[in-house]
Amino acid sequence: MERVSPAALYCLLKLNQAGYRAYLVGGCVRDLLRGVSPHDYDLCTNAPPQEICSVFSNEKTVLTGLRHGTVTVFHDGEPFEITTFRTEGGYSDGRHPDKVSFTQSLTEDLSRRDFTMNAIAWHPSDGLIDPFYGEEAICRKRISCVGDPLLRFEEDALRMLRAIRFECCLGFSIDPSTASAIQDKAGRIKEISRERIREELSKILLSERAFEGASRLLFFLGKEIFEVATPPLPSNAILNHLSCCEPLRYAAFLLESDQPENLLRSLRCSSALVRSVLTILRAVHTDYPTDKKGARMLRRDAGADTLSAAELIDILRQDHGMGARVVSSIERGEPVSLAELAVSGADLIQAGIPAGRHIGTILTSLLELVIEAPERNEKNFLLRKARKINPFA
Ligand code: ATP
Ligand code: MG
């Protein structure tokens, strides 16, 4: 635990000095035990939310939910989520606890947490508080629910997706009784919002074991999440070896889907993400020539998504040619869009071509010429060509 950030220790000690108990808890303790630096720190304490705010009156604090008892404290610019020890009542909708009550018992707080590896608390003078043997689970790389998996998934179906996400993000494996409960309770995933499903799917697809994660997801929950349109999974060689770029990984995941757009929209993906994924997929399904011109055509069609598209094309062709040709085309500054042409619509009008819709058609034909041979991007040459294309000439 020697990697604990000094800012996290500061928050613990500050609560202790005010007379409260406080611990690091959850993902940060799990990651410290795995020998990995936590990406953020969660603390739990017996201090009620309003008290947490007054203990940290000199720092910026955000009361995230008085009812849920979470305060985010910013120290040295880093956020720390500090949550009052609590228990959760029933979950009649499989998502939101019916009632949350504060407790003085750390063990009670740990027992509401999802997996044993996430139910460990730590304090510099008490060491680990680990009533559910989470440390052992971490050593064995096991994901097991705290308590009865069937009940825990019934309470909150998101935990099933979290289990699959942790499996591929951490390289752990789901304990058999937890896995069989996922199979039993798969139908419950319908209670979870599409946004939260997408957040977990994104983490799975961006992990080093995206293929393994996506196949587990499809195996356990595919029918429930994707209904009739379950996409066939591309090979691990494709999914795991792409850069960690969200549109690129989604495009690979949906490579063989016959309705990628519906699928992305049903997961409430942003329109920017949908646009990029569809652009990449369209490029992948276009047979670009394997020469410099092909690279310019790809740049013209894929715009900001060109490098992603080239990466996927190369992986599918088992070649590095497209990526390399695209990079040199960019380095040479070859024009591939109307905006980069040496003439504008205004130039054409000034040269005597009547204004109107055909100006756009002419510019597009000029771009074609320039994509054939970039050295043609020269004002006088293009104006001469434009006069020949001009339907009114
Ligand atoms: P990471 O942040 O690395 O994805 P994490 O374990 O920190 O993993 P968070 O979503 O940040 O995950 O949650 C913090 C902690 O809150 C968890 O470690 C777990 O103890 C508890 N927790 C989060 N979500 C749930 C849930 N759905 N059910 C029960 N406990 C949960
Ligand atoms: Mg976390």
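Heavy-atom basis, side chains included; hydrogens, waters and symmetry copies ignored. In this text, all values refer to a predicted model and were calculated from it rather than measured experimentally. When a ligand or atom number is given, it counts from 1 through the structure's own listing order.
In this structure, H39 has a heavy atom closer than 4.0 Å to ligand 1.
For ligand 1, the atoms closer than 4.0 angstrom to any heavy atom of R159 are 26 (C), 27 (N), 28 (N), 29 (C). Shown in contact with G27 at under 4.0 Å from a heavy atom are these atoms of ligand 1, numbered in order with element: 5 (P), 6 (O), 7 (O), 18 (O). Within ligand 1, counting atoms from 1 as listed, the ones closer than 4.0 Å to a heavy atom of R112 are 29 (C), 30 (N).
Scanning R113, R162, E81 for the heavy atom closest to atom 13 (O) of ligand 1 points to R162. Taking each of N118, D42, V36, L110 in turn, the one with a heavy atom nearest to atom 20 (O) of ligand 1 proves to be N118.
By the 4.0 Å N-to-carboxylate-O rule, R86 lies too far from D109 to be salt-bridged with it. With salt bridges taken as basic N to acidic carboxylate O contacts below 4.0 Å, none links R159 and D114. Of the charged side-chain nitrogens involved, none lies within less than 4.0 Å of a carboxylate oxygen, so that E199 and R196 do not count as a salt-bridged pair. Salt-bridge annotation for D314 and R317: absent, with no side-chain N of the basic residue lying under 4.0 Å from a carboxylate O of the acidic one. Look at E195 and R198 and you find no salt bridge, because none of the NZ, NE, NH1 or NH2 atoms lies under 4.0 Å from a carboxylate O.
The aromatic ring centres of H75 and Y10 sit less than 6.0 Å apart.
Ring planes of H123 and Y23: perpendicular class, angle over 60° (limits at 30 and 60°).
Annotation: G26 places no N or O atom under 3.5 Å from an N or O atom of ligand 1; distance criterion only. Checking only distances, D156 does come within under 3.5 Å of ligand 1, N or O to N or O. Residue R165 places at least one N or O, backbone or side chain, under 3.5 Å from an N or O of ligand 1.
Using a 4.0 Å cut-off between heavy atoms, F166 contacts ligand 1 through its side chain alone, with no backbone atom that close.
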